[in-house]
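The structure appears right after this line, and notes come after that.
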Amino acid sequence: MNLSAAAISPRPIRRRTVPIHALTSCDISLPEAQALALVGPSGCGKSTLLLLMAGLEKPTEGSLWFRGIPLTQPRREIALVLQDYGLFPWKTVRRNVELGLRIRGERIDRRDVERLLAELDIAEKADVYPQQLSGGQKQRVALARALVLNPSLLLLDEPFAALDTITRERLQDLVATTWRKRKFGMALVTHNIQEAVRLGHRILVMGGTPGTVLGCVENPNACSPYYRGSDEFYEISRQVRRQLEQHA
Amino acid sequence: MKSKLGYIWGIAALLTAWQISSWCSGEAIVAGPVTVLLKLVSEAGTGRFWTNVGASSLRIVAALSLAFVTAVPLGLFLGSSPRADRIAKPLIYLTYPVPKIVFLPLVLLFFGLGDWGKIVMLSIILFFQLLITTRDAARGVSRSARYSLYSLGGTRRHLFAHVIWPSCLPSVFTALRIATGTVVAVLFFVESIGTRYGMGFYILDAWGRADVPQIFVGIVVLAVMGVVLYEAFDILERIFCRWNQL
C-alpha cells in the first residue's frame, strides 16, 4: 500500500481553510501493514486529512493516492472508525456490524461475525441497541463494523478520546493485538502522545497552524506486546512531546 | 400499566366534570354521561349510526394516507438535498402560514362535494404538518452518520434506507400524532358542508333537531376516533422505533 500526498502528488493538497502545505516536505507514504499516527493540537487538520484518506472529502488542490490510484471516493479496502463511533442507534449491534457487508452485497457469514464479536468481547451484546452500551463497548462495535470488512487500511479518528484511561489503554491493546493478527494498514488521529506511540509505527507530528507537519518519528515497535512500559516507549513519547512543545 | 391507570384517572376526572356541568346547566343543555351512554347504546343498534362512523373513519384514514405518501417522501427529499430545499423553501414559507381551510370552497369546486373533496381538504392541512416535520428531521441527520454510511460503501439510496428514513421515523410519528387532533377537528368542519354522512353531519343534524344527547354521542365518537388514532400511532412507533423507547 502506498498512501501518499507528497510523494506522488507534485502539488500540496489543500482542503478549504486547512492547507496541508508541509506535506510537500514530509513523505507520509505508508507501507503495507504499517500504522501511521497523526498527532497534534486541535484544529491542525488531522481529522480533515483522515477524511481525505477515507475519500469522504475531496482536496481542493493536490491529490492523495492509494495503491497508485487517486483517492476521490470511498474505497472498499478502506474502513473508517469515527470519534463518535458513527453507530446507527436504530440498528442492533449485530445489524450495525453486518451493515457494511449487506450494503456491499457480500455474503454474511454469521459465524464470522460471531467470532469477531467474541474477539472484541461484545458477543453477548449482539442483540442490544448502541444506546444500551458503554462508551468502550460502542467503540468495540465500531471497530467490529470496520474489521468485518477486512480492510487493507483502517482509519481511526480519535477513537478513544471520550473514554476513561483504563478503558482507553485496554482498547489500544485490543487494536494492537488485532493489528498483529490481521496486519492491515492503519492511520490513527489522536491528541494523545502515548496513544500515538502505542499504535503508530510512524508518528506524524503536526503543528498548531493548520496543515503544518513538524516532523515524523519512526517507531518500529509500535503495536508490540508489552511495549507500553518499555524504555523505548518513553523515549519516543519524549521525542514526540519535544517536537510538539518546540512549536507550541 | 401506568398508561392504563392514567387513562382511567383521566376518564374518571372528565366524567366527573361532565356530570357536574350537567347538574349545573341542566340536561337540556349538557346531557349527562348516563343519558349519553344510553343514547349511544340505542344509536349503536342502528345502521345509520355506523354508516356515519364508517364514512368519517374512511375520510380520516384516506386523508392521512394521502398526506403521508405525498408529504413524507417530499420532506425526506428536501431535508437531504440542500439545493432542492433552497428552491422549495420560499414556496413552503409563503404557503405554510396561510390557513388552508380557506381553500375549502376551491377544493370542493375542484374535487366535488363528495368524499374526494373532503379527503383532499383534510390532506392539504395534514400535508404541511408532515412535510415540515419530516424535512426538519431529515436535515438533522448528522454528518457523522453520513460519513459512516458512505465509508461502509453505501450510496445515496442506502443513505435513505439505512440512515435518513429510520432516523426521521420518530419525528414522522410525532407529526402523525399531532395530526390526529387536527384531522378530527377539520373533519367536523368539512362534514358540515354538502354531505349526508359522517360524524360532522351527524352532530349538526342532531343540533338542528335539538337532540342534545345525540350531539354528545357525536362528540364522544369523534373523541374516541382521535384517541384510537393517537394510540394506533403510539403502538406503531413502539413497534418500528423500539430503539427510541429505551
Side-chain angles (χ1 to χ4, degrees), chain A residues 47-48 50-58 71-93 95-106 127-133 138 141-142 144-151 153-158, chain B residues 68 72-73 75-77 79-83 133-177 233-246:
Chain A
S47 293
T48 305
L50 207 72
L51 293 174
L52 289 164
M53 289 178 183
L56 291 166
E57 294 281 356
K58 291 191 177 92
L71 259 175
T72 52
Q73 58 184 27
R75 295 188 56 84
R76 296 176 84 88
E77 304 93 328
I78 302 176
L80 173 69
V81 175
L82 293 162
Q83 184 180 0
D84 67 355
Y85 322 117
L87 300 176
F88 301 118
W90 43 89
K91 291 185 186 289
T92 61
V93 166
R95 289 270 169 178
N96 261 290
V97 172
E98 291 174 354
L99 183 62
L101 297 170
R102 206 176 291 279
I103 280 174
R104 294 171 186 210
E106 289 176 18
D127 296 313
V128 307
Y129 288 93
Q131 52 271 51
Q132 295 171 289
L133 301 175
K138 283 179 189 167
V141 177
R145 192 172 67 177
L147 292 174
V148 79
L149 302 171
N150 278 320
L153 176 62
L154 177 65
L155 305 173
L156 303 163
D157 186 9
E158 299 189 42
Chain B
F68 183 85
V72 172
L76 291 174
F77 172 65
S80 54
S81 167
R83 194 185 300 170
T133 311
T134 312
R135 186 197 67 154
D136 288 354
R139 279 167 66 175
V141 171
S142 69
R143 180 180 280 201
S144 160
R146 290 166 196 267
Y147 281 157
S148 266
L149 197 278
Y150 286 134
S151 74
L152 293 171
T155 59
R156 205 167 155 72
R157 183 173 62 85
H158 294 120
L159 186 72
F160 263 100
H162 294 287
V163 178
I164 295 177
W165 171 241
S167 73
C168 293
L169 207 48
S171 301
V172 170
F173 277 116
T174 303
L176 283 170
R177 276 200 300 268
F233 289 131
D234 222 33
I235 291 166
L236 286 172
E237 187 178 6
R238 278 202 292 272
I239 294 168
F240 290 108
C241 305
R242 204 150 60 89
W243 58 275
N244 204 32
Q245 317 280 322
L246 300 169

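Below, chain A is the first sequence line, B the second, and so on; all start at residue 1. Everything quoted here is computed from the prediction, not taken from an experiment.
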Nearest 0.5 Å, what's the CG-CZ distance between Asp84(A) and Arg143(B)?
-> 12.5 Å
Pairs of heavy atoms under 4.5 Å with chain A: top-ranked of Pro170(B), Ser142(B), Ser167(B) = Ser167(B)
What pairs with Arg95(A) under salt bridge (charged side-chain N to carboxylate O under 4.0 Å, His left out), at least two apart in sequence or on another chain?
-> none
Applying a strict 4.5 Å limit to non-hydrogen atoms, the region of Leu82(A) in contact with chain B is side chain
Pick from Val128(A), Leu87(A), Asp157(A), Ile103(A): which one has the most heavy-atom pairs with chain B under 4.5 Å?
-> Ile103(A)
Could you tell me which portion of Leu149(A) (side chain, backbone, both or neither) has an atom closer than 4.5 angstrom to a non-hydrogen atom of chain B?
-> side chain
Under 4.5 Å from any heavy atom of chain A - which part of Leu149(B) | both
Please examine the side chains of Val163(B) and Trp90(A), heavy atoms only from C-beta on, and report whether any two atoms are closer than 4.5 Å.
-> yes
Engaged part of Leu51(A) at the chain B interface, taking heavy atoms whose separation is under 4.5 Å = side chain
Please name the pair of heavy atoms, one in Ser148(B) and one in Phe88(A), separated by the smallest distance, quoted to 0.1 Å.
-> CB-CZ, 3.8 Å
Closest-packed option against chain A by number of heavy-atom pairs under 4.5 Å, given Arg157(B), Arg146(B), His158(B) = His158(B)
Is the count of non-hydrogen atoms from other residues, nucleotides or ligands lying under 6.0 Å from Arg104(A) atom CZ greater than 12?
-> yes
